[in-house]
Amino acid sequence: MKMESKDTFSISQLADEFGITLRSIRFYEDRGLLTPTRKGKVRVYSKQDRARLKLTLRGKRLGFSLIDISELFEFYDSNKSNKKQQQDMLNAIKHRQQLLIQQQADINAVMMELNAAERNCYLQLAKFEQQNNKPLSKRCSIPAKLHR
DNA sequence: ATTCTTACA
DNA sequence: TGTAAGTA
């Protein structure tokens, strides 16, 4: 159904927008990641809910568990009043930062390996074309960035 | 036509 | 998470 207002969404709208199923969205709610309001029994999502869903999906892409993601949300809107809670949260944040730094390093390493593999592919293709005595096509020529 | 809950794979 | 069932 089409909603007159621009700041609320039906579950279907969000599912279409993000290319996920209704089941997933309800599942995330079950895990406490989403808290849509209700008009009767029907879920009504606000822009903030939409933003939250977006963050959830990004977290998933990064390999975070739904629990990890809910923990991040707690950090974002942290309302811990006492000192110990703040201390614990800080430690948790530092830990998460460390994990991300590690991921970043791993990503860089894999990226370099892939770049090397890609370079070899182009070199091989160039060699084949040379054997066939054919002119290098634009599409298969070695990109400048791989010359180094 | 859409969405909801519940239950099982 | 997918899917089926039975509703509202």
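Computed over heavy atoms, backbone and side chain alike; hydrogens, waters and symmetry mates excluded. The chains referred to below are lettered A, B, ... by the order of the sequence lines, with proteins before strands, and numbering in each begins at 1.
- One interatomic measurement links the two molecules: CG of A/L22 to P of B/dT6, which rounds to 17 Å at whole-angstrom precision.
- Of all nucleotides listed (B/dT2, B/dC4, C/dT1), C/dT1 comes nearest to the side chain of A/F27.
- What separates CZ of A/R26 from C1' of B/dT5 is a distance of 9 Å, to the nearest Å.
- Rounded to whole Å, the distance from CZ on A/F18 to C1' on C/dT1 is 19 Å.
- When the shell of 6.0 Å around CD of A/Q103 is examined, it contains more than 12 heavy atoms from other residues, nucleotides or ligands.
- Heavy atoms of A/R31 sit nowhere under 4.0 angstrom from any nucleic acid atom.
- Each of A/T37, A/I25, A/L53, A/T35 was scored for a side chain to side chain contact (heavy atoms under 4.5 Å, CB included) with A/Y45, with one residue passing: A/I25.
- Test A/F18, A/Y28, A/F64 against A/T56 for side chain to side chain contact (heavy atoms under 4.5 Å, CB included) and you get one pass: A/Y28.
- Taking the side chain of A/K60 as heavy atoms from C-beta on, and the options B/dT2, C/dT1, B/dC4, the nearest nucleotide is C/dT1.
- Proximity note for A/T21 (side chain, C-beta onward) versus C/dG2, B/dC4, B/dT3: the nearest is C/dG2.
- Put simply, OH on A/Y45 is 6 Å from P on B/dC4, counting in whole angstrom units.
- Closest approach to the A/R23 side chain among B/dT2, B/dC4, C/dG2 is made by C/dG2 (side chain taken as heavy atoms from C-beta onward).
- Of the nucleotides present, B/dT2 is the one that pairs with C/dA8 by Watson-Crick or G-U wobble criteria, both distances under 3.5 Å.
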